[in-house]
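Following: one structure in structure tokens, then a few remarks.
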Amino acid sequence: MKLKCIIFDVDGTMADTERDGHRVAFNLAFDEKELDWHWNEALYSELLAVTGGKERMNYYQTGFLKQNILNQQEIKDLHAIKTKHYIQLLESGKIPLRKGVKDLIKVAKKQNITLAISTTTTPVNVTALLKANLGENAESLFKVIAAGDIVKHKKPAPDIYYYALKKLKLKADNCIAIEDSEAGLKSAVQAGIKTIVTTNKYTQNQDFTQAQQIHSDFSQIDTQLLKNIIGETHV
Ligand code: XBP
Ligand code: MG
């Protein structure tokens with residue numbers, strides 16, 4: 001099979017956005033609303049079991065506080081404040097891409113391999129991360145950016161990857177996904193996409209048995225490796 005598209009996950013894959021980005025933005029939003037909530041690293045690591053910021057705040061209420069302090073509209077409003085803070089963090093240049101991501105994107109473009117994104121995060125977050133790190137027109141590098149609430153069920157459900165494949169008009173067999181988490185891996189594999197994992201501090205102990213390969217960073221990941229995984233013979 002020919003490698004026609006690389007589908008990138010965002011948070012934890014393209015960039016280490018969780019600890020110093022999303023988590024900080026959530027705490028800034030809680031402070032702005034004078035909520036006595038504070039997510040330290042240890043708690044956030046547990047809360048990452050749930051994808052989606054709004055879903056994660058609901059999980060915190062029901063699973064940890066054991067009471068619904070905020071209703072769904074208040075959660076939505078609080079999430080919008082969090083997104084505002086997160087984008088400010090990105091625009092300040094505080095969240096770089098992981099080493100090797102920019103090179104992989106450049107080489108893939110040179111080899112006319114289509115690029116796409118499948119992420120649970122909010123679309124404007126993707127735009128801000130790409131612009132801060134790859135320039136004003138960065139979004140145009142990606143044929144499809146499938147993000148956040150565009151699908152009803154977030155990762156580990158396969159919806160976001162099915163959505164991306166549909167928009168790409170490509171078969172799963174011609175694509176490879178790069179993920180960082182068990183939820184993301186499950187999502188891509190359920191959509192029939194061969195997936196490699198690049199781990200990070202939050203995800204390194206998760207179950208990656210369904211991954212084609214597991215890497216701790218992008219140093220060994222190049223287009224030839226991805227073509228070999230897909231089964232594209234040397235041309
Ligand atoms: C990671 C997520 C996101 C972020 C928070 O997404 O689960 O929810 O943690 O972003 P992925 P939002 O690994 O799929 O890129 O608050 O915008 O949801
Ligand atoms: Mg991720």
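Numbering of ligands and ligand atoms starts at 1, following listing order.
At a heavy-atom cutoff of 4.0 Å, ligand 1 is contacted by no atom of T17, backbone or side chain. Counting heavy atoms closer than 4.0 Å to ligand 1, residue E55 contributes nothing at all. Residue contacts with ligand 1 for K155 involve side-chain atoms from C-beta outward but no N, CA, C or O (heavy atoms, distance under 4.0 Å).
Contact annotation: E179 places no N, O or S atom under 2.8 Å from the Mg ion (ligand 2).
Close contacts between ligand 1 and N125 involve ligand atoms 17 (O) [criterion: under 4.0 Å to a heavy atom]. Within ligand 1, counting atoms from 1 as listed, the ones closer than 4.0 Å to a heavy atom of T122 are 12 (P), 17 (O). Close contacts between ligand 1 and V10 involve ligand atoms 15 (O) [criterion: under 4.0 Å to a heavy atom]. Atoms of ligand 1 lying under 4.0 Å from any heavy atom of G52, numbered from 1 in the order shown and given with element: 7 (O), 8 (O), 18 (O).
The two residues Y161 and A177 come nearest to each other via the heavy atoms CE2-CB, 3.8 Å.
The name of the N, O or S atom in D180 nearest to the Mg ion (ligand 2) is OD1. Residue D9 approaches the Mg ion (ligand 2) most closely through its N/O/S atom OD2. Nearest to the Mg ion (ligand 2), among the N, O or S atoms that D11 has, is O.
Between atom CG of residue L104 and atom NZ of residue K99 there is a gap of 13.0 Å, rounded to the nearest 0.5 Å.
A cation-pi geometry, defined here as NZ or CZ lying under 6.0 Å from the six-membered ring centre and within 45° of its normal, does not hold between K66 and F64.
The main-chain N or O of A157 is found under 3.5 Å from a side-chain atom of S187 such that the two form a donor-acceptor pair.
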